[in-house]
Amino acid sequence: MAKKFKDLRARMPAEAQARASAMATDMLAEMALQDLRKSRKITQEDMAEVLAIRQASISELEGRDDALLSTVRRYIEAIGGELDVIARFPDFSIRLNQFDGTKVGTADGSRHLTDSGS
């Protein structure tokens, strides 16, 4: 007779349960585009229709390990999400708004770093 997972988990030491929970959380926090699309129950054909491109282009994008941010943003928006680009440093993280489709810069079109004194 098959054993239920919850029964097996209950017999695990507390440390093992905590490690398993942490690993599950980490796995859910990272996901490939294809897995994200599937988790939203959207087919490649549906994506292609929304983005007005061929299904083969969706397949190609999902198989790439590099892509334009604008392409990824359109993909994420097509499945109902919003793309944020976060730069992480040892002492802080910052959301980059340059890639979210909003205009960045001064009124004259030039760009300046606010903390550099320029």
Side-chain angles (χ1 to χ4, degrees):
M1 179 176 193
K3 296 182 180 186
K4 293 184 178 179
F5 179 74
K6 69 178 184 175
D7 294 336
L8 293 172
R9 184 177 174 90
R11 292 191 313 192
M12 291 171 61
E15 286 180 14
Q17 287 183 33
R19 279 194 312 271
S21 279
M23 286 174 53
T25 299
D26 287 347
M27 288 190 326
L28 291 174
E30 293 184 14
M31 194 176 285
L33 288 176
Q34 178 181 20
D35 296 329
L36 179 59
R37 174 185 50 76
K38 287 179 178 180
S39 76
R40 307 289 296 168
K41 297 181 178 17
I42 299 171
T43 66
Q44 285 185 344
E45 291 80 10
D46 293 337
M47 287 292 292
E49 186 175 328
V50 169
L51 294 172
I53 60 177
R54 299 175 303 119
Q55 176 271 327
S57 297
I58 298 296
S59 180
E60 183 179 311
L61 172 63
E62 291 177 347
R64 295 183 61 125
D65 61 359
D66 68 338
L68 294 174
L69 284 173
S70 58
T71 303
V72 175
R73 180 174 12 101
R74 286 184 57 224
Y75 183 101
I76 296 299
E77 289 172 352
I79 59 175
E82 183 177 304
L83 180 67
D84 285 331
V85 178
I86 308 294
R88 289 187 180 84
F89 298 91
D91 54 342
F92 73 99
S93 294
I94 185 118
R95 180 181 169 276
L96 301 175
N97 65 359
Q98 178 177 349
F99 306 109
D100 65 6
T102 61
K103 187 83 170 162
V104 177
T106 61
D108 68 358
S110 62
R111 296 174 186 225
H112 300 282
L113 296 176
T114 57
D115 294 343
S116 67
S118 32

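Just so it is clear, the values below take in all heavy atoms, side chains as well, and ignore hydrogens, waters and symmetry mates. Everything numeric in this text was worked out from a predicted model, so none of it was measured.
When the side chains of ILVMFWY residues are joined at heavy-atom separations under 4.5 Å, either directly or via intervening members, Val85 and Phe89 end up in a single hydrophobic cluster.
Annotation: the span from Thr43 atom OG1 to Lys41 atom NZ amounts to 13.0 Å, rounded to 0.5 Å. One finds the CG atom of Leu83 at 11.0 Å from the OG1 atom of Thr71 (value rounded to the nearest 0.5 Å). Within the model, atoms CD1 of Ile86 and CG of Leu96 stand 7.5 Å from one another, a figure rounded to the nearest 0.5 Å. Taken from CD1 in Ile76 to CZ in Arg40, the straight-line distance is 10.0 Å, to the nearest 0.5 Å.
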Hey, can you pull the donor-acceptor pairs under 3.5 Å for the side chains in residues 47-56, sequence neighbours left out?
from  : atom 1 : to    : atom 2 : distance (Å)
Gln55 : NE2    : Gln44 : OE1    : 2.3

Taking distance alone, no hydrogens or angles, what donor-acceptor pairs closer than 3.5 Å link side-chain atoms of residues 4-15 to residues at least two apart or in another chain?
from : atom 1 : to    : atom 2 : distance (Å)
Arg9 : NH2    : Gln17 : O      : 3.3
Arg9 : NH2    : Ser21 : OG     : 2.7

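Evaluation of the ring pair (Phe, Tyr, Trp, His ring centres under 6.0 Å) test over residues 47-70, restricted to residues two or more places apart or in two chains, returns none.
Residues Asp35 and Met31 approach most closely at CB-CG, 3.4 Å, considering heavy atoms.
Residues satisfying the salt bridge (Lys or Arg N to Asp or Glu O under 4.0 Å) criterion with Arg37, sequence neighbours excluded, are Glu62. A search for salt bridge (Lys or Arg N to Asp or Glu O under 4.0 Å) contacts involving Asp91 returns nothing, not counting sequence neighbours. Qualifying salt bridge (Lys or Arg N to Asp or Glu O under 4.0 Å) partners for Arg88, counting only residues two or more places apart in sequence or in other chains: none.
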